[in-house]
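Letters A, B, ... are given to chains in the order of the sequence lines, protein chains preceding strands, and every chain is numbered from 1.
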Amino acid sequence: MLTLRQIRESRNEVIERLAVKNFDAEKMVAAIIDLDDQRKTMQVKLDNNLAEQNSIAKQVGNLFKEGKTEEGNAAKQRVADLKEESKEMGLQLAETEKKLNDALVLLPNLPHASVPKGKTPADNLEIRSGGKMPQLSASAVPHWDLAKNYDIIDFELGVKITGSGFPVYKGKGAKLQRALINFFLDENVAAGYGEVMPPLMVNADSAYGTGQLPDKEGQMYYVNADDFYMIPTAEVPVTNIFRDVIVQASSLPIRLTAYTPCFRREAGSYGKDVRGLNRLHQFDKVEIVQVQHPEKSYESLDEMVKHVEGILNKLELPYRIIRLCGGDMSFASALTYDFEVYSAAQQKWLEVSSVSNFESFQANRLMLRYKEEGDKKNQLAHTLNGSSLALPRIVASLLENNQVDGGIRIPKALQSYCGFEMIE
RNA sequence: GGAGAGAUGGCCGAGUGGUCGAAGGCGCACGCCUGGAAAGUGUGUAAGCUCCAAAAGGGCUUCAUGGGUUCGAAUCCCAUUCUCUCCGCCA
């Protein structure tokens, strides 16, 4: 969430920039500042009240020791009265704070100055593209047919075991999953990311910390008996490593990578977009996360974009990099680049990675701060994350683009990980 | 799952009703000492909110979390969470 300081000090800028996200913030900002004013007034009154209670309470003991029973009793009564008052004040303050916080979490992050205006994906800005578009023969088929023909992914079997969107990978299909995960992790580690393997379920505090709660609750699988949420992305557990953490500025940037399965209910999804591997309830993804100094977070964003691009090049997939417009960006992001690969038989671009700078938006909720040498006040750090990469659509594209008569060719970079060169 | 013990600052650890945001130690920072370092020595060393134009300084909150008793709670009571030990079960 945005800081009150940001909102108070640059009120007009906040409103103008949120307009790029097609968000009319004017009324909400006014309400927030009003609530904050109320909060401060109440806070001061309550603090003064408590201060008086404390100072009287300190005298009571002595009064009785000195035999001033009457004064002692009067002091006791005074404290009791003050306590009654402050209880009421405390309730009001808590209510105001709740209203303030409820309003604050509804404000999206400010988009970066480079974010294009726009409402739909059509307004996104293509930054660059790479890779060679494949020339498929007339007999080329989409990946769900290939998966069946070569018996490497069984969608129906997954339906039997669990439900739709939970495929079973078999044989070389399973091996390919494992190969991709290892390949991505190795690439990330080589680029300076520390590998972590986090829990796949998180508690409500963590889900709140990265913004899944309160409003995206319906997108996560929820384990009722223990009040846990299945993670929709490794971003959630990995970023929460830093919840309530103060790091030394000299230790920045912190780079972490994690492989996890991801679980998404995808409520409301239907139709042809969900065919095959295009949209699953459980899928595998390797994530990269950075915690960075505010002055350097955009350098880190560029670094992450180049890194993901490098991996796509090694996979020999045709890709394009897109800077999302205000209307297509996520709530928490300040600047997002999407990576799409071309899936030649479907003749579709599929999103395989989304790399974002959240600036201090997540850090504010997480209370993730850094300590600057010689600086007394701790500052909010910047957080960034991205996928490198999400597997299913990469697999879809690999299968479709590399199909030849009698098999599917495995790109060179993956062959040593797979242990085979062809799926036949 | 059953029985018991516990949770204090970056870490260790003292503290059983007021003088405790909290002894002592470690760590860290700065200074002295040294040719330089180690050792020694001195000083400092939590976070959030808030008052003040700002700094200096002040107030409030925080000793797992939430509630309660009391004029006053780290300290007493209740609930919850977590950790450890033993037993049971088990990859």
Student: Can you tell me if Asp123(A) uses its side chain to pair, donor with acceptor, with the backbone of Thr120(A) under 3.5 Å?
Tutor: yes
Student: Contact class for Asn54(A) (heavy atom, under 4.0 Å): base, sugar-phosphate, or nothing?
Tutor: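 It contacts sugar-phosphate atoms only.
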Student: Within the structure shown, what part of the strands sits under 4.0 Å from Arg78(A) by heavy-atom distance: base, sugar-phosphate, or nothing?
Tutor: nothing
Student: If A37(B) has a Watson-Crick or G-U wobble mate with both distances under 3.5 Å, name it; if not, just say none.
Tutor: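 Because no pair has both required distances under 3.5 Å, A37(B) counts as unpaired.
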Student: Report the distance from atom CG of Asn240(A) to atom CD of Gln362(A), rounding to the nearest 0.5 Å.
Tutor: 9.0 Å
Student: Write down the partner of G66(B) under the Watson-Crick or G-U wobble criteria, each distance required to be under 3.5 Å.
Tutor: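 Pairing partner, where one exists within any strand: C78(B).
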Student: Taking the C1' atom of each, how far is G18(B) from A73(B), in whole Å?
Tutor: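 Rounded to whole Å, the distance is 10 Å.
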Student: Between A64(B) and G6(B), how far apart are the P atoms? Round to whole Å, please.
Tutor: 14 Å
Student: Could you work out the separation of G57(B) and U34(B) based on their P atoms and round it to a whole Å?
Tutor: 33 Å
Student: Taking OP1 and OP2 of C60(B), is either one under 4.0 Å from a side-chain nitrogen or oxygen of Asn48(A)?
Tutor: no
Student: Which pairs of donor and acceptor atoms, one on a side chain in residues 146-163 of chain A, lie under 3.5 Å apart (sequence neighbours left out)?
Tutor:
unit_1, atom_1, unit_2, atom_2, d
Asn149(A), ND2, Asp145(A), O, 3.3
Tyr150(A), OH, Gly407(A), N, 3.0
Asp151(A), OD1, Lys170(A), NZ, 3.1
Asp154(A), OD1, Glu156(A), N, 3.2
Asp154(A), OD1, Leu157(A), N, 2.9
Asp154(A), OD2, Lys170(A), NZ, 3.4

Student: Between Tyr370(A) (OH) and A46(B) (C1'), how many Å, whole number?
Tutor: 19 Å
Student: Could you state the atom-to-atom distance from CG of Asp205(A) to P of U81(B) in whole Å?
Tutor: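 So the CG-P distance, Asp205(A) to U81(B), works out to 14 Å.
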Student: Between Leu50(A) and Met367(A), which is nearer to the 5' end of RNA chain B once each is assigned its nearest nucleotide?
Tutor: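 Result of the comparison: Met367(A).
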Student: Both distances under 3.5 Å, Watson-Crick or G-U wobble: report the partner of A29(B), or none.
Tutor: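 In the structure as shown, A29(B) has U43(B) as its Watson-Crick or wobble partner.
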Student: After noting the C-alpha distance and the side-chain angles of Asp102(A) and Lys98(A), does the key distance pass the salt bridge (charged side-chain N to carboxylate O under 4.0 Å, His left out) rule?
Tutor: CA-CA 6 Å; Asp102(A) 287 351; Lys98(A) 185 176 183 316; 2.8 Å; yes
Student: Give a yes or no on whether Arg8(A) atom CZ has more than 12 heavy-atom contacts from other residues, nucleotides or ligands under 6.0 Å away.
Tutor: yes
Student: Reading RNA chain B from 5' onward, which residue's closest nucleotide shows up sooner: Asp36(A) or Gln59(A)?
Tutor: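 Whichever sits nearer the 5' end wins; that is Gln59(A).
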Student: Quickly work out the Gln43(A) CD to C51(B) P distance and round it to whole Å.
Tutor: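 In whole Å, C51(B) P and Gln43(A) CD are 9 Å from each other.
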Student: Taking atom C1' in both G27(B) and G13(B), compute the distance separating them and give it to the nearest angstrom.
Tutor: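 Each nucleotide's C1' atom is 14 Å from the other's.
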Student: Please list, chain by chain and in numerical order, all residues satisfying side chain to side chain contact (heavy atoms under 4.5 Å, CB included) with Ala413(A), sequence neighbours excluded.
Tutor: Phe183(A), Lys314(A)
Student: Reading nucleotides 67-73 of chain B 5' to 3', which nucleotides get B (base under 4.0 Å from a protein heavy atom), which S (sugar-phosphate only), which -?
Tutor: -S-BBS-
Student: Under a 3.5 Å limit for both distances, which nucleotide forms a Watson-Crick or G-U wobble pair with G72(B), could you say?
Tutor: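 Its partner: none found.
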Student: Looking at C60(B), A47(B), U50(B), which one has an atom nearest to any side-chain atom of Lys40(A)?
Tutor: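 Side chain of Lys40(A) sits closest to U50(B).
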Student: Tell me whether the side-chain N/O atoms of Arg369(A) come closer than 4.0 Å to OP1 or OP2 in G48(B).
Tutor: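 The answer is yes; a side-chain N or O of Arg369(A) sits under 4.0 Å from OP1 or OP2.
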Student: Between G68(B) and C30(B), how far is it from one P atom to the other, in whole Å?
Tutor: 47 Å
Student: If we call it a pair only when both distances are under 3.5 Å in a Watson-Crick or G-U wobble match, what pairs with C60(B)?
Tutor: G48(B)
Student: Could you tell me whether the side chains of Glu187(A) and Tyr193(A) share a donor-acceptor contact shorter than 3.5 Å?
Tutor: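 Per modelled atom types, Glu187(A) and Tyr193(A) side chains form no pair under 3.5 Å.
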Student: Does U85(B) have a Watson-Crick or wobble partner in any strand here, with both distances under 3.5 angstrom, and which is it?
Tutor: A3(B)
Student: Using atom CD of Gln38(A) as one end and atom C1' of U50(B) as the other, report the distance to the nearest whole Å.
Tutor: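 Value for this atom pair: 17 Å.
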Student: Please state the P separation for the pair U75(B) and U8(B) - nearest whole angstrom.
Tutor: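 Their P atoms lie roughly 14 Å apart.
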Student: Given atom CG of Asp227(A) and atom P of C82(B), what is their separation to the nearest angstrom?
Tutor: 11 Å
Student: Which pairs pass salt bridge (Lys or Arg N to Asp or Glu O under 4.0 Å) with one or both residues in residues 220-236 of chain A, sequence neighbours excluded?
Tutor: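 Residue pairs passing salt bridge (Lys or Arg N to Asp or Glu O under 4.0 Å), neighbours aside: none found.
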Student: Can you classify the ring geometry of His281(A) versus Tyr221(A) as parallel (below 30°), tilted (30 to 60°) or perpendicular (above 60°)?
Tutor: perpendicular
Student: Which nucleotide in the set G48(B), G59(B), U50(B) lies at the smallest distance from any side-chain heavy atom of Ala51(A)?
Tutor: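 Of the options given, the side chain of Ala51(A) lies nearest G59(B).
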Student: How far, in whole Å, is G24(B) from U41(B) if one measures between their P atoms?
Tutor: 15 Å
Student: Say you pick atom P in C76(B) and the same atom in U16(B); how far apart are they, in whole Å?
Tutor: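 Between the two P atoms, the distance is 9 Å.
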Student: If the threshold is 4.0 Å, N to carboxylate O, is there a salt bridge linking Arg78(A) and Glu52(A)?
Tutor: yes
Student: Measure CZ/Arg8(A) against P/C49(B) and give the value in whole Å, please.
Tutor: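 The distance from CZ of Arg8(A) to P of C49(B) comes to 13 Å, rounded to the nearest Å.
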Student: Does Lys40(A) have any salt bridge (charged side-chain N to carboxylate O under 4.0 Å, His left out) partners at least two apart in sequence or in another chain, and if so, which?
Tutor: none
Student: Whom does G24(B) pair with, Watson-Crick or G-U wobble, provided both distances fall under 3.5 Å?
Tutor: C12(B)
Student: Between protein and nucleic acid, restricted to nucleotides 26-31 of chain B and to nitrogen or oxygen atoms under 3.5 Å apart, what atom pairs and distances do you find?
Tutor:
none

Student: Looking only at side-chain N and O atoms, does Gln177(A) offer a donor or acceptor that is under 3.5 Å from a partner on Asp284(A)?
Tutor: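 The criterion, which ignores hydrogens and geometry beyond distance, is satisfied for Gln177(A) and Asp284(A).
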